[in-house]
Amino acid sequence: MATSEEFIKEVCARIGPLYDVRYKKMFGEYMVYANEKPVLLVCDNCVFVKILPEVEHLFAHAQTGVPYKGAKDHYILDIQNGALVQEAVAVLERVTPVPKKRKK
């Protein structure tokens, strides 16, 4: 099951006006960017957060899952928990570098 356009738009709306938010379709699913930094992976209408020491305290009791075959475990973000979403994105935006442009 692929992620619906409605769901990805809801995820971006929940991140809110604090960031320049956009999403990009990748491998049939989506990457969500905040201020041009990749912060969330959305696959099968489920939001995944890379397991990093900086967000460990936020996801101490969260489920983990694999967003796609061959990927490492990620935290599963409850998109309905607005406070958690805002705090997680704030940390991820701060610690995630802007990707370098690839030469063609």
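Throughout, numbering of the chain's residues begins at 1 and tracks the sequence. Below, each value reflects all heavy atoms present in this structure, side chains not excepted, and no hydrogens, waters or symmetry copies.
- Between Q80 and R14, the shortest heavy-atom distance links the atoms OE1-NH2, 3.2 Å.
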*Are L40 and L92 close enough, and set up right, to give a side chain to side chain contact (heavy atoms under 4.5 Å, CB included), and what steps lead you there?*
CA-CA 9 Å; L40 303 174; L92 291 165; 4.2 Å; yes
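- Summarising the geometry of E5 relative to Y30, their closest heavy-atom pair is OE1-OH, 4.2 Å, with the distance given to 0.1 Å.
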_Stepwise side chain to side chain contact (heavy atoms under 4.5 Å, CB included) test for T64 and I76_ = CA-CA 5 Å; T64 61; I76 296 175; 5.7 Å; no
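- The CG atom of N35 lies 13.5 Å from the CZ atom of R94; values are rounded to the nearest 0.5 Å.
- Note on Y75: it does not cluster hydrophobically with L41, by side-chain heavy-atom contacts below 4.5 Å among ILVMFWY residues.
- Hydrophobic cluster membership differs between V66 and L77, with clusters built from Ile, Leu, Val, Met, Phe, Trp and Tyr side chains linked at under 4.5 angstrom.
- A single hydrophobic cluster is not seen to contain both F7 and F48; linkage of ILVMFWY side chains at heavy-atom distances under 4.5 Å, directly or through other members, places them apart.
- Residue C43 is tested with E29, M26, M31 for a side chain to side chain contact (heavy atoms under 4.5 Å, CB included); the sole match is E29.
- Listed for the Q86 side chain is a donor-acceptor partner under 3.5 Å among the backbone atoms of I15.
- Hydrophobic cluster membership is shared by L18 and V11, with clusters built from Ile, Leu, Val, Met, Phe, Trp and Tyr side chains linked at under 4.5 angstrom.
- The two atoms that bring P97 and P38 nearest to each other are O-CD, 4.0 Å, heavy atoms only.
- Between the side chain of H74 and the backbone N or O of K72, at least one donor-acceptor pair lies under 3.5 Å.
- Atom CD of Q63 has 12 or fewer heavy atoms from other residues, nucleotides or ligands within 6.0 Å.
- The heavy-atom pair separating A34 from V89 by the smallest distance is CB-CG1, 4.3 Å.
- Open room surrounds NZ on K50; 12 or fewer heavy atoms of other groups in view lie less than 6.0 Å from it.
- Y33 and Y23 are not part of a single hydrophobic cluster, where members link through side-chain heavy atoms under 4.5 Å apart.
- Heavy atoms only, all atoms of each residue included: E36 and D20 are closest at OE2-OD2, 4.0 Å.
- Two residues are said to be in side-chain contact when any heavy atoms from C-beta on lie closer than 4.5 Å; I8 and V32 meet this criterion.
- Heavy-atom minimum distance, N45 versus S4: OD1-N, 2.9 Å.
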